[in-house]
Amino acid sequence: MSTPRVQLHIEDQHVVMDNGILQVTLSNPGGIVTGIQFNGMDNLLEVLDEESNRGFWDLVWSEAGSTGTTGTFDVFEGTALRVIEENEEQVEISFTRTWDPSLEGKFVSLNLDKRFIMLRNSSGFYSYAIFEHLADWPPFNLPQTRIVFKLRKDKFHYMVVADNRQRFMPLPDDRLPVRGEPLDFPEAVLLVDPVEPEFKGEVDDKYQYSCENRDLHVHGWICFDPPTGFWQITPSSEFRSGGPLKQNLTSHVGPYTLAMFLSAHYAGEDLVLKLNPGEPWKKVFGPVFMYLNSDMDKDNALCLWDDAKEQYCKEVHCWPYSFPASEDFPCSDQRGKISGRLQVQDRYISHECIAANNAYVGLAPPGDVGSWQRECKGYQFWTKTDGDGSFSIGDIRTGDYNIYAWVPGFIGDYRNDTVITVTAGCEINVGDLVYEPPRDGPTVWEIGIPDRSAAEFYIPDPNPKYINKLFINHPDRFRQYGLWERYADLYPDGDLVYKVGLSDYKKDWFFAQVNRKKDDGSFEGTTWQIKFELDDVDQSGAFKLRLALATANVAELQVWTWQPIKLLINDPKIDPPHFSTGEIGHDNTITRHGIHGLYRLYNVDVPGATLVEGDNTVFLTQTISTSPLQGIMYDYIRLEGPPPPDSK
């Protein structure tokens, strides 16, 4: 059966792509999506808003040398329209903004090329962008870039981020001062007089719907009359910053749907892209797919989510796409492949190598061990190993990479020191790789699971005044608002004390070490204790304390292995800690209802002379206390004893 060909209509102020299934209208030459016509609706986008606030690419930039994660917000518009492809099967159009020295200080020094593609018989459209900075242009910082769509609030009321994260959502009006009460930060609002009474007493916060890159594939909204879905599908994470565990925003009240490419969320300034003087840079973000679907029966509207997931699988099968016309987006035969097997060698667990099953193995630009989680200039390619540790990564862009990995159940990061050069059509087998995780001696005791998350620890019920009904009896209990305040409720007279052999970290280890609010409204740091017994101590031996942190936010962790008497007068010169991290982290994970941010591992030498036979205590103090949202989350803690005399 023949289907309508793709048509392109160019007008003075607008350009329209039409394939008979949907029409997409963009401003000319700005490249702002002003209208999407589909399933009998003249426009799925918010018609009450200005055209420039409906569907757009944006970025945040700042001058080189500046600090922080903020800057100038720019909904960048093109100054020229080019038709790249126009035939019966496909239309690709380009909206460009070219930089020159006369724009210095006004715009970021980038050539920007936004592309939109419509295919025949396709229920949606694609978009990607090419960012280019030349070596002799002024350097800059780039904290964020993304695509934003704002849908009609009178139509799209049901939001889906995952199978277990979907619900009817409040209206944007409910967040306004008349109907909503701002909480500790502007993103969080208590709904006190919402338009729909069912939402009264709930907290709305866009960060409650964040998602890790490894799971951030498809999300969006459903309209029930007529049954219509609007979905943002990302078939590959190769162009996203921060690797598979990086968390990004998805959809939220507006109704908004986002495609995030670069952001500092849950990481802070470590994930701000910073170009140096004389450094050229080019990157392709996308393509991503905006998928629209429909159903004749209102009772089947929620099935549109299942169809969207199926469409995601189809898009993955077609990746890398063959239809983008830019030479900067290589097709499959212009890419390479790598394979191998990862094993773990930990002689205190097994004398033989252990298969690194379900490990994450990836290629990222050359860097230090673990640098992939802070990498934001290049491309990354990740997979999970199978049962015997084997892995295969295909469709890798040409270039130089290191192989990185991390293995659930083991601390630390793996990096292969050899730089891998991927060329078009190559198939590289690296053979067996062996990761030796940090280990000096046998385990004396351990707390938690080394998986880069604090999810296994005790997460309290929220204050009944500040709930999101979606997360009641939900696996992601940590997404409720205000859990940091529950620490003082649970420990009103003293801080957490954990007794090795008696305590259970699932019940007795609070998920975040946060500050305590005092009666005068100020805050004080907290000191947690780990009590344990030793039957025998080699006073001349060296113990090792492994502290794996799941996140940190403007925190300083100090460690003592004895009673810090002088701590009472806060005189570190008289009684310095055994170890201090110094001030670390701007992850903001506690604020943003996360359970991890950037992973950090600290290895603390503990002289045997500081321990005794019988009762011992490790004191963990978080000292910076100017805000309730400062603190750390632990991933895993282990005390290792001295290595046996016959160990190698």
Side-chain angles (χ1 to χ4, degrees), residues 59 61 64 108-113 128-135 137 139-146 213-214 216 234-246 248 259-265 267 269-288 319-320 324 326-332 334-338 360-383 393-406 413-424 426 428 430 598:
L59 58 81
W61 71 282
V108 63
S109 52
L110 282 170
N111 284 339
L112 299 167
D113 184 353
Y128 67 106
I130 305 161
F131 286 26
E132 182 178 26
H133 174 266
L134 302 186
W137 288 355
F140 58 86
N141 297 347
L142 191 67
Q144 176 177 285
T145 190
R146 62 184 184 171
N213 283 342
R214 62 181 174 181
L216 183 45
T234 303
S236 170
S237 288
E238 67 179 47
F239 41 77
R240 287 172 170 160
S241 61
L245 298 184
K246 172 68 173 70
N248 277 308
M260 300 295 302
F261 303 109
L262 175 67
S263 83
H265 299 142
E269 194 172 346
D270 284 345
L271 264 170
V272 172
L273 188 153
K274 297 182 178 182
L275 291 182
N276 300 310
E279 180 181 6
W281 177 69
K282 180 187 277 191
K283 188 169 184 177
V284 177
F285 295 104
V288 296
W319 186 269
S326 172
E327 63 182 14
D328 293 310
F329 183 78
C331 58
S332 186
Q334 297 172 315
R335 298 176 176 230
K337 179 180 180 180
I338 191 168
Y360 285 80
V361 179
L363 270 70
D368 297 331
V369 175
S371 61
W372 57 268
Q373 67 172 344
R374 293 174 171 83
E375 211 290 316
C376 49
K377 292 180 181 178
Y379 302 91
Q380 299 196 33
F381 303 85
W382 288 84
T383 191
I393 305 174
D395 294 317
I396 306 165
R397 282 173 166 264
T398 60
D400 292 339
Y401 301 91
N402 278 134
I403 299 175
Y404 300 90
W406 65 274
D413 275 277
Y414 171 82
R415 183 199 65 173
N416 187 279
D417 294 337
T418 301
V419 173
I420 304 293
T421 298
V422 174
T423 58
C426 74
I428 302 171
V430 296
L598 294 179

Checklist entry - Mind checking what makes ring-ring contact (aromatic ring centres under 6.0 Å, His included) contact with Trp382, not counting sequence neighbours? => result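 Once residues adjacent in sequence are excluded, the partners of Trp382 under the ring-ring contact (aromatic ring centres under 6.0 Å, His included) criterion are Trp372.
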
Item to check | Partner residues of Phe131 under the ring-ring contact (aromatic ring centres under 6.0 Å, His included) criterion, sequence neighbours left out | outcome: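 For Phe131, the residues satisfying ring-ring contact (aromatic ring centres under 6.0 Å, His included) (neighbours in sequence not counted) are Phe76, Phe285.
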
Given 3.5 Å as the limit, does a donor-acceptor pair link the side chain of [X] with the main chain of [Y], or not?
X	Y	value
Lys283	Phe239	yes
Arg415	Gly367	yes
Arg335	Asp395	yes
Lys246	Ala264	no
Glu132	Leu134	no
Asp413	Trp406	no
Tyr401	Gln380	no
Tyr414	Ile403	no

How many angstroms lie between [atom1] in [X] and [atom2] in [Y], if you round to the nearest 0.5 Å?
X	Y	atom1	atom2	answer
Asn248	Ser241	CG	OG	6.5 Å
Asn402	Asp417	CG	CG	7.5 Å
Ile396	Ile428	CD1	CD1	7.5 Å
Leu59	Leu262	CG	CG	9.5 Å
Leu271	His265	CG	NE2	11.0 Å
Thr145	Leu112	OG1	CG	8.0 Å

Checklist entry - What do the steps show when you test Trp281 against Leu273 for side-chain contact (heavy atoms from CB on, under 4.5 Å), and what is the final call? => result CA-CA 11 Å; Trp281 177 69; Leu273 188 153; 3.4 Å; yes

Minimum heavy-atom distance between [X] and [Y], given as atom pair plus value:
X	Y	value
Tyr360	Pro244	CD2-CG, 4.3 Å
Pro235	Pro287	CD-O, 4.0 Å
Pro320	Pro330	CB-O, 4.0 Å
Asn141	Ala64	OD1-CA, 4.1 Å
Arg146	Phe261	CA-CD1, 3.7 Å
Trp137	Ser109	CE3-O, 3.4 Å

Checklist entry - How far apart are the C-alpha atoms of Ile130 and Ser326, what are their side-chain angles, what is the distance that settles it, and do they pass the side-chain contact (heavy atoms from CB on, under 4.5 Å) test? => result CA-CA 9 Å; Ile130 305 161; Ser326 172; 3.3 Å; yes

Checklist entry - In a check of side-chain contact (heavy atoms from CB on, under 4.5 Å) between Leu363 and each of Asp400, Ile338, Thr383, which one passes? => result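 One option only clears the test, and that one is Ile338.
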
Item to check | side-chain contact (heavy atoms from CB on, under 4.5 Å) between Val422 and Arg397, worked out | outcome: CA-CA 7 Å; Val422 174; Arg397 282 173 166 264; over 6 Å; no

Item to check | Residues, nucleotides or ligands: over 12 heavy atoms within 6.0 Å of Lys274 NZ | outcome: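 Atom NZ in Lys274 is packed in, count exceeds 12.
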
Checklist entry - Mind checking whether Phe140 and His133 have parallel, tilted or perpendicular rings, split at 30° and 60°? => result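 Taking His133 first and then Phe140, their aromatic rings stand perpendicular (interplane angle over 60°).
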
Checklist entry - Would a 4.5 Å heavy-atom cut-off, applied to side chains only, mark Gln373 and Leu245 as touching? => result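 Not in contact.
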
Checklist entry - With side chains defined as the heavy atoms from C-beta onward, is the minimum distance between Leu216 and Arg240 less than 4.5 Å? => result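 Touching, per the 4.5 Å side-chain cut-off.
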
Item to check | Criterion side-chain contact (heavy atoms from CB on, under 4.5 Å) on Asp328 and Asp113, from CA distance to verdict | outcome: CA-CA 11 Å; Asp328 293 310; Asp113 184 353; over 6 Å; no

